[in-house]
J.: 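Got a structure here, written out as structure tokens. Questions coming.
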Amino acid sequence: MEVTARAPGKIILAGEHAVVHGYTAVASSIDLYTFASLRLCSEDDDTVKLKFNDFGLDFSWSVRRVKEVLSHLGSPFSSTPTSCSLETIKSLATLVDEQSFPETKIGLASGVYAFLWLYTSILGFKPATVTVSSELPVGAGLGSSAAYCVSLSAALLALSDSVKLDVSQKGWSTFKETEAELVNKWAFEGEKIIHGRPSGVDNSVSTFGNVIKFKSGVMTCVDSNMPLRMLITNTKVGRDTKALVANVSARKSRHPDAMCSVLNAIEAISDEWSTIIQSHAVDDLYLSANEEKLGELMEMNQGLLLSMGVSHASIENVLQTSMKYKLASKLTGAGGGGCVLTLLPTHISGEVIDKLVEELGSFGFQCFTAGIGGKGVQISFDHSS
């Protein structure tokens with residue numbers, strides 16, 4: 001039997017950077033997914049395999065070798081999510097260093113660390129093959145690492161003793177709330193291995209889906225009642241998130257009063273965003289009016305982010321291009337490149353979207369459409385494997 005988990009990516013609708021300083025941000029799941037498939041092998045196989053299909057990378061270790069290096073872990077402890085100790089990180093490094101990484105893909109090594117920790121902690125030392133693929137670009141601010149950790153955790157837990165699922169059910173199914181919380185906690189431990197000190201927003205959105213408000217470490221679910229679609233443009237411009245965050249903090253220190261006003265304005269935008277998407281559209285006219293309001297909020301939010309110094313020439317190219325089609329856009333995430341959101345109103349034609357995508361493609365950008373606020377992590381069982 002093979003189990004597959006799919007976990008969605010995420011976007012920040014409003015409040016990026018402000019959230020670092022204790023203000024509200026609004027984040028949402030998107031219907032672009034990372035998939036992790038797990039198939040347990042016979043004891044005769046004696047290997048643990050990890051395949052990254054999108055990168056053409058395969059890794060394998062003998063169960064005997066993994067058990068030898070990580071013998072101090074003992075039995076699996078799937079029901080008690082635990083942080084990876086420095087001692088264990090050093091042990092994982094021994095296993096990772098035994099693998100061959102192309103120099104251009106060395107950044108994926110932290111994902112292999114996370115896999116080994118989650119796998120041995122949840123399932124122990126069983127031979128298996130795990131295959132990962134994704135619709136999300138890596139390093140573009142769409143929560144790809146969180147979706148990776150959530151999908152891995154979900155697939156592993158699905159075959160553990162800590163989660164009881166109906167394996168006979170066909171199609172995609174969701175976890176019960178307590179089980180989803182367990183998935184989220186393990187995914188957060190994986191994120192900590194990859195990022196050090198993540199906020200927990202990305203893995204929470206990927207696990208539970210929908211829209212959340214996040215402020216000072218407290219997350220609140222927002223029930224979205226608007227069927228929104230976004231065009232997501234990946235500028236393919238890399239950015240240094242830590243440097244961008246530090247630059248905003250430095251600007252806040254130099255101009256405390258002005259930046260306080262900027263951050264308060266962003267918080268008001270975040271609050272209005274969550275209010276609008278929770279409202280029920282009584283007719284098409286009401287829906288169009290709300291979409292127009294959200295577009296205005298995106299434009300204001302982008303203007304404030306520009307004043308904070310986190311825009312980029314590539315982002316401005318997307319903004320100017322979408323403006324030709326009277327569409328509102330804003331950066332999402334850290335800025336300095338990365339991805340840009342463009343709101344696609346319900347009345348927009350496919351022809352207009354195609355023209356916009358073609359024009360953005362001329363800059364070398366990658367575009368894809370996505371619905372927002374959908375379901376979180378889901379699981380599926382294949383008995384034919």
J.: Side chains of T88 and S85: donor-acceptor distance under 3.5 Å anywhere?
T.: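 Note: T88 and S85 side chains meet the donor-acceptor criterion.
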J.: Should F368 and I348 be counted in the same cluster of Ile, Leu, Val, Met, Phe, Trp and Tyr side chains packed under 4.5 Å apart?
T.: yes
J.: How about D223 and C221: do any of their side-chain heavy atoms sit closer than 4.5 Å?
T.: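 Yes, their side chains come closer than 4.5 Å.
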J.: Spell out, yes or no, whether L341 and M323 are grouped together once hydrophobic residues are joined by side-chain heavy atoms under 4.5 Å, including indirect joins.
T.: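 Cluster IDs for L341 and M323 differ.
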J.: Do we see a donor-acceptor contact under 3.5 Å between the side chains of S279 and N290?
T.: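 Checked: S279/N290 side chains pair up, N/O donor to acceptor below 3.5 Å.
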J.: Rounded to the nearest 0.5 Å, what separates atom OG1 in T233 from atom CG in N317?
T.: 11.0 Å
J.: Could you tell me whether the side chain of L165 reaches within less than 4.5 Å of the side chain of F175, counting heavy atoms only?
T.: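 Yes; the side chains approach each other to less than 4.5 Å.
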J.: We want to know whether E189 and S83 form a side-chain donor-acceptor pair, criterion being a heavy-atom distance below 3.5 angstrom.
T.: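 Note: E189 and S83 side chains meet the donor-acceptor criterion.
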J.: If you round to the nearest 0.5 Å, how far is CG of L32 from CD1 of I232?
T.: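 One finds 5.5 Å between CD1 of I232 and CG of L32.
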J.: Could you pull out all residues at least two apart from F115 that satisfy ring pair (Phe, Tyr, Trp, His ring centres under 6.0 Å)?
T.: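 With sequence neighbours excluded, F115 shows a ring pair (Phe, Tyr, Trp, His ring centres under 6.0 Å) to Y119, given in chain and number order.
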J.: Take atom CG in D161; do more than 12 heavy atoms of anything else shown fall under 6.0 Å from it?
T.: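 Open.
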J.: Would you indicate whether the side-chain heavy atoms of V222 and I277 approach each other to under 4.5 Å?
T.: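 Answer yes - side chains close enough.
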J.: Begin with the C-alpha distance, continue with both residues' side-chain angles, and end with the deciding distance and a verdict on salt bridge (charged side-chain N to carboxylate O under 4.0 Å, His left out) for K164 and E179.
T.: CA-CA 9 Å; K164 303 299 179 186; E179 294 170 339; over 6 Å; no
J.: Can you find a pair of side-chain heavy atoms, one from I30 and one from L136, that are under 4.5 Å apart?
T.: yes
J.: Measure across F59 and S100 and return the closest heavy-atom pair with its distance rounded to 0.1 Å.
T.: CE2-O, 4.1 Å
J.: Do V211 and S224 have side chains that get closer than 4.5 Å, going by heavy atoms?
T.: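 The answer is yes; the side chains approach within 4.5 Å.
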J.: Who else is in V20's hydrophobic cluster (ILVMFWY, side-chain heavy atoms under 4.5 Å, direct or via others)?
T.: V19, V201, V205, I212, F214, M219, V245
J.: Judged by modelled atom types alone, do T47 and S62 share a side-chain donor-acceptor pair under 3.5 Å?
T.: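 No, S62 and T47 have no side-chain donor paired with an acceptor closer than 3.5 Å.
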J.: Decide yes or no on salt bridge (charged side-chain N to carboxylate O under 4.0 Å, His left out) for R64 and E68, but give the supporting numbers first.
T.: CA-CA 6 Å; R64 177 187 54 77; E68 176 187 304; 3.7 Å; yes
J.: Is it the case that one hydrophobic cluster holds both L57 and F35, taking links as side-chain heavy atoms less than 4.5 Å apart, direct or via other members?
T.: no
J.: Quick check: closest heavy atoms across V3 and A158, and the distance to 0.1 Å?
T.: CG2-CB, 3.8 Å
J.: Could you check whether the rings of W186 and F77 sit parallel, tilted or perpendicular, using 30° and 60° as the cut-offs?
T.: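 The arrangement is tilted - the two ring planes meet at 30° to 60°.
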J.: Compute whether any side-chain donor of one residue and acceptor of the other, for T24 and S270, lie under 3.5 angstrom apart.
T.: no
J.: Would one find more than 12 heavy atoms of other residues, nucleotides or ligands at under 6.0 Å from atom NZ of K192?
T.: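 Check passes, neighbour count above 12.
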J.: Kindly give the heavy-atom pair with the smallest separation between V318 and L360, and that separation in Å.
T.: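 Shortest heavy-atom separation between V318 and L360 comes out as CA-CD2, 3.9 Å.
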J.: Indicate whether any N or O donor in one side chain lies under 3.5 Å from an N or O acceptor in the other, for N184 and T207.
T.: yes
J.: If I compare all heavy atoms of G336 with all of V237, which pair ends up nearest, and what's the gap?
T.: O-CG1, 3.8 Å
J.: What I want to find out is whether K185 reaches E181 closely enough, with some N-O distance under 4.0 Å, to be called a salt bridge.
T.: no
J.: Tell me whether R6 forms a cation-pi arrangement with Y33, defined as NZ or CZ under 6.0 Å from the six-membered ring centre and within 45 degrees of its axis.
T.: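 Output yes; distance and angle both within limits.
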J.: Give me the atom names and distance for the closest heavy-atom approach of R251 to S307.
T.: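 Residues R251 and S307, closest heavy atoms: NH1-O, 2.6 Å.
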J.: Would you say L343 ends up clustered with Y286 if hydrophobic residues are merged whenever their side chains have heavy atoms under 4.5 Å apart, either directly or through other cluster members?
T.: no
J.: Just grab all the salt bridge (charged side-chain N to carboxylate O under 4.0 Å, His left out) pairs involving residues 278-307, residues at least two apart or on different chains.
T.: none
J.: Is there a side-chain contact between S29 and K10 in this structure, where contact means two heavy atoms from C-beta onward sitting under 4.5 Å apart?
T.: no
J.: Write down the atom of G143, the atom of D202, and the distance for their closest heavy-atom approach.
T.: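 So the minimum-distance heavy-atom pair works out to CA-OD2, 3.8 Å.
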J.: Count I, L, V, M, F, W, Y as connected when their side-chain heavy atoms are under 4.5 Å apart, and connections chain through other members. Are L38 and L116 then in the same cluster?
T.: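 Same cluster.
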J.: In a check of side chain to side chain contact (heavy atoms under 4.5 Å, CB included) between K330 and each of L304, L319, L297, N301, which one passes?
T.: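 Testing each of L304, L319, L297, N301 against K330, the sole residue satisfying side chain to side chain contact (heavy atoms under 4.5 Å, CB included) is N301.
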J.: What verdict does the salt bridge (charged side-chain N to carboxylate O under 4.0 Å, His left out) test give for D31 and K375, after you've listed the backbone C-alpha separation in whole Å, the side-chain angles of each residue and the deciding distance to 0.1 Å?
T.: CA-CA 8 Å; D31 55 7; K375 291 181 179 179; over 6 Å; no
J.: Indicate whether any N or O donor in one side chain lies under 3.5 Å from an N or O acceptor in the other, for H195 and S110.
T.: no
J.: Using 4.0 Å as the upper bound for N to carboxylate O, is an ion pair formed by K213 and D271?
T.: yes
J.: For S322 and S329: C-alpha separation, side-chain torsions, deciding distance, then whether side-chain hydrogen bond (donor to acceptor under 3.5 Å, both in side chains) applies.
T.: CA-CA 7 Å; S322 61; S329 300; 2.8 Å; yes
J.: Is there side-chain contact between S37 and R39, with heavy atoms separated by less than 4.5 Å?
T.: no
J.: Strictly by modelled atom types, are E191 and S145 linked by a side-chain donor-acceptor pair under 3.5 Å?
T.: yes
J.: Less than 4.5 Å apart, any side-chain heavy atom of E359 and any of K324?
T.: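 Yes, side chains in contact.
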J.: Is a side-chain donor-acceptor pair under 3.5 Å present for S311 with E316?
T.: yes
